[in-house]
Amino acid sequence: MKLELKNNNLILTDVDSFSLRETFECGQAFRFYREEDGSYTPIHRGRVINLKETPDGVIVKNTDMDEFKEVWWDYFDFSTDYGAIKKHLSVDPIMEEAISYGEGIRILKQDYFETLISFIVSANNQIPRIKKIIEEMSKKYGRRIEVKEDVAGSDRDFYSFPNPEELSLSTADELREELRVGFRAERIWEVANKVRTGVFDINSLAGMTYEEGKEALMTLNGVGPKVANCVLLFGYSKTTAFPVDVWVKRIMEDLYFKKETPNKIIEDFGKEKFGDLSGYAQQYLFYYARER
DNA sequence: TGCCAGGGGTTCA
DNA sequence: TGAACCCCTGGC
């Protein structure tokens with residue numbers, strides 16, 4: 001993976017294991033738009049860029065070399081060798097097949113607080129509605145982001161995801177009535193305020209082991225095993241996490257267990273089998289389950 | 001048009 | 001272990 005400036009365009013070349021579609025559509029992120037020209041527009045840490053795949057590489061708009069290196073390089077996990085990970089996981093023939101469907105998946109490193117709230121919203125919910133709620137939440141409580149460069153001809157406004165202070169200005173009633181989050185309203189408000197006041201130290205999880213982090217997260221109302229695993233994987237890059245959602249459950253039962261199996265058994269089996277690469281394996285399986 | 005199931009789970013009994 | 005949960009969408 002190389003970053004170059006060509007004809008006044010920022011462009012990623014020697015692209016290795018990176019597909020925009022596979023990376024954004026594998027269920028880990030909610031804050032992106034797929035544009036009509038096939039390009040993608042993610043929002044992260046109060047910034048917006050647009051990425052478009054071309055035969056010459058991936059063209060990146062609305063950023064510069066410094067910002068890309070500082071903010072986006074890490075977000076896309078470009079320092080990790082996915083070729084080695086895929087090779088390792090492919091000793092399992094089932095995984096080899098799953099990986100062939102999503103060779104270009106990368107696990108994003110997203111903001112802790114945003115990831116936490118987003119996956120609380122995701123509980124017993126569907127992706128289009130989750131995306132809509134997160135977008136409305138950002139619009140109402142976040143800040144508007146100035147876009148310098150034309151982003152794929154789009155004229156929409158962009159908003160940063162609210163920080164704990166901003167989201168704490170809400171009330172549970174407001175979240176329920178205006179954002180239509182239903183029974184998740186109290187959970188969201190409560191967690192936002194626990195983070196704001198420091199009752200829950202969200203940064204400290206980065207220095208914890210996977211097990212410690214999971215235990216800490218699950219003390220929060222609205223965070224069960226699935227949500228905790230997602231937050232640890234997509235926020236804190238704890239790749240021993242193996243989130244079991246309905247899709248992973250389905251495909252694991254189909255391919256490995258050959259019968260109905262409790263989520264806990266599936267999660268333990270995945271962690272045992274894939275070890276430090278569990279999170280990657282889970283993403284390949286999730287994408288495979290939805291695409292096959 | 002109207003009813004019903006089900007959805008990237010979690011909680012409470 | 002099992003039902004309820006806000007709300008929305010798609011299928012009949």
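Chain A is the first sequence line, chain B the second, and so forth, proteins listed ahead of strands; every chain is numbered from 1.
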(request) Could you measure between the two P atoms, the one in B:dT1 and the one in C:dC7, and give it in whole Å? (result) 23 Å
(request) Inspect the surroundings of CD in A:Glu70 and state if more than 12 heavy atoms from other residues, nucleotides or ligands are less than 6.0 Å away. (result) no
(request) Rounded off to whole Å, could you give me the CZ-to-C1' distance for the A:Phe183 and B:dT11 pair? (result) 10 Å
(request) Please report, rounded to the nearest Å, how far the C1' atom of B:dT10 is from the CD1 atom of A:Ile117. (result) 15 Å
(message) For the aromatic rings, using the six-membered ring if either is Trp, is the centroid distance between A:Phe269 and A:Tyr256 under 6.0 Å?
(response) yes
(request) Indicate the ring-plane relationship of A:Tyr40 and A:Phe32, choosing parallel, tilted or perpendicular according to the 30° and 60° boundaries. (result) tilted
(request) Round to the nearest Å and state the distance from A:Lys131 atom NZ to C:dC8 atom C1'. (result) 16 Å
(message) For C:dC8 and A:Arg180 - does any side-chain N or O of the residue sit under 4.0 Å from the phosphate oxygens OP1/OP2?
(response) yes
(request) Classify the side chain of A:Asn124 versus the base of C:dC6 as yes if they form a donor-acceptor pair under 3.5 Å and no if they do not. (result) yes
(request) Fill in the dot-bracket string of DNA chain B, one character per base: . for unpaired, | for a pair to another strand, ( ) or [ ] for pairs within the strand, taking Watson-Crick or G-U pairs under 3.5 Å. (result) .||||||.|||||
(request) Pick base, sugar-phosphate or nothing for A:Leu220, based on heavy-atom distances below 4.0 Å to the nucleic acid. (result) sugar-phosphate
(message) What's the gap between B:dA13 and C:dC6 when it is taken at their P atoms, as a whole Å value?
(response) 14 Å
(message) Nearest whole Å is fine: how far is B:dG6 C1' from A:Trp247 CH2?
(response) 12 Å
